[in-house]
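Note: hydrogens, waters and symmetry copies are ignored here, and every other heavy atom, side chains too, is used. Since the model is a prediction, treat every value here as computed from it, not as a measurement.
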Amino acid sequence: MSNITIISSDKNWLVHAAVEQLKSVSKLPGVVKAIGLPDLHPGKTPVGAAIITENIIYPHLIGNDIGCGMAMFMTDLEKRKLKLERLISKLSKGINNVNFDEMLLKEINQARNNQNSLGLMNKSKNSENLEEVLLQAPEYEKSISSPLGSSLGTIGGGNHFAELQETESVFDEETFSHLGFDKKQIMLLVHSGSRGYGQTILDESIKLYEAQNGLQSTSSAAKEYLSKHDNAIFWAAINRELIAYRILRALGINTHTIKLVDSSHNSVSIKECDNKLLYIHRKGASPSDAGAVVIPGSRGSLTYLVMPSDNTCISGYSLAHGAGRKCERSMCKSRLENKYTKETIKYTKFKGRVICNDNNLLFEEAPEAYKNIDTVIQSLLDFGLIKVIATFKPILTYKNN
DNA sequence: ATGTAC
């Protein structure tokens, strides 16, 4: 009997290669179940997938960007007071003007002090360990060539971004306000991860232990990986907070903000099920057993705030992490350069705008490069996995370091 | 997705 489940429908197109990748990983030793979410697409290993194992951990299934995720912050800026051109002009100057270790730590503490505690800040680790954990990345940070530089607080490339959004529709007012949302306020969504730190952790695990063969869960190698993995999860969450702080500072908006939702879609977590210890490897898959989740579409489509259902065993306790790539990166430019110039591509159909100095990336991350988020969400609804709380509309997407 | 090499 197949150990594969794919959460999809006829309307939700999936590329064959991704399904083949899912089949391939489903046959790895110790894999109990391989789940394809509706945003399943090919990567080094399948993206939009949850792989459940027993007794074995596969670092390569989580990939290099351990801890990558989506954090949504509520800003102090009211929707009615937003002046887009002014914000664009401010943000175009960049967000990083602190590049020294000591200053960086001060800045991080400032960023954290500026966030009202809803009990979310210390979710993964105690904040007292902040400096210790952050500086446990020293081998990586010190290896960065620029003097005293740090990658902490930087967005990175690829599909990473920071984006101002406004509430489009609220479908569940009670949950919306219970989570702390206020539709009058502008939201800030940050998608970033552990930068080179996670990469170093993956490289080390593969170099030392041939991670393609997996790490026996009782081995010291597995314990070492999991410990570093946890640090990367924490580091990535702080990274998103610091990015939010820097964006708001650059915009001249009150940097006091509230992080309402944050979840990582690249991680491994341990879950006890039927007296068995399961390792849930998520690669481009958000957890559906840890509260509300933000699922963005693209800069030209809506972002969804959803509440997972109580029992999501069928999807490996996971949800789609976005719309899923439809068009290969290398194909985007040629396919879209008749439709857009390098200037017109900075405008979206919602009258949103993009700040991005990388011309290729503007095309690679164009809305047309992604599937329809509404169809992806519909598949999650069809399988009874979520309830939609609200949708948000992108206003300004920032895609530089 | 990454830092680095080209």
Side-chain angles (χ1 to χ4, degrees), chain A residues 17-18 21 25 39-49 58-71 96 99 137-163 189-207 211-212 225 228-229 231-240 242-243 263-268 281-286 296 298-299 321-333 356-366 369-370 397-401:
Chain A
Q21 283 192 338
V25 300
D39 57 338
L40 182 71
H41 61 280
K44 276 184 184 165
T45 64
V47 185
Y58 290 103
H60 78 291
L61 293 183
I62 295 134
N64 61 325
D65 199 1
I66 303 162
C68 184
M70 302 282 174
N96 305 333
N99 269 323
E139 312 92 63
Y140 167 65
E141 290 291 0
K142 279 174 190 164
S143 73
I144 294 176
S145 54
S146 65
L148 302 172
S150 174
S151 59
L152 195 61
T154 60
I155 295 173
N159 55 6
H160 290 172
F161 61 82
E163 188 169 85
L189 179 64
V190 178
H191 176 200
S192 188
S194 56
R195 313 289 277 106
Y197 183 33
Q199 176 84 62
T200 306
I201 294 167
L202 176 63
D203 289 350
E204 281 173 359
S205 78
I206 288 177
K207 213 181 285 174
Q212 298 278 348
Y225 172 77
K228 289 178 179 173
H229 160 282
N231 282 341
I233 295 280
F234 181 71
W235 195 98
I238 300 292
N239 191 34
R240 290 187 284 277
L242 187 52
I243 290 164
S263 60
S264 169
H265 47 240
N266 293 345
S267 71
V268 58
H281 302 67
R282 295 187 178 95
K283 172 63 181 171
S286 295
S298 70
R299 66 180 185 234
H321 79 312
R325 181 163 284 279
K326 174 174 75 177
C327 182
E328 270 179 58
R329 285 189 181 278
S330 57
M331 297 297 293
C332 293
K333 188 101 187 272
C356 175
N357 292 332
D358 182 334
N359 187 41
N360 279 334
L361 198 54
L362 274 167
F363 284 86
E364 290 174 12
E365 294 296 319
Y370 287 91
T397 309
Y398 181 82
K399 283 189 67 64
N400 294 316
N401 283 299

- Message: What contact category does K283(A) fall into here, base, sugar-phosphate, or nothing, at under 4.0 angstrom with non-hydrogen atoms?
- Response: nothing

- Message: Regarding N64(A), tell me which of base, sugar-phosphate or nothing describes its non-hydrogen contacts under 4.0 Å with the strands shown.
- Response: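 Counting heavy atoms under 4.0 Å across all strands, the contact made by N64(A) includes a base.
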
- Item | CG on N266(A) to NE2 on H321(A), rounded to 0.5 Å |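 With rounding to 0.5 Å, NE2 (H321(A)) is 7.0 Å from CG (N266(A)).
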
- Query: NE2/H60(A) to CG/L202(A) distance, rounded to the nearest 0.5 angstrom?
  - Reply: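 CG of L202(A) is found 9.0 Å from NE2 of H60(A).
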
Length of the line joining [X]:[atom1] and [N]:[atom2], which is rounded to integer Å:
X	N	atom1	atom2	result
I62(A)	dA1(B)	CD1	P	16 Å
H160(A)	dG3(B)	NE2	C1'	14 Å
N266(A)	dA1(B)	CG	P	9 Å
L361(A)	dT2(B)	CG	C1'	13 Å
H60(A)	dA1(B)	NE2	C1'	16 Å
I201(A)	dG3(B)	CD1	P	13 Å
N159(A)	dA1(B)	CG	P	4 Å
W235(A)	dA1(B)	CH2	C1'	13 Å

- Item | Under the salt bridge (charged side-chain N to carboxylate O under 4.0 Å, His left out) test, residues paired with E163(A) that sit two or more places apart | none

- Message: Applying side chain to side chain donor-acceptor pair (under 3.5 Å), can you list everything that pairs with E364(A), at least two apart in sequence or on another chain?
- Response: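 Counting only residues at least two positions away or on another chain, E364(A) forms a side chain to side chain donor-acceptor pair (under 3.5 Å) with R329(A).
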
- Do any side-chain nitrogens or oxygens of R195(A) fall under 4.0 Å of OP1 or OP2 in dA1(B)?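 No, R195(A) has no side-chain N/O under 4.0 Å of OP1/OP2 on dA1(B).
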
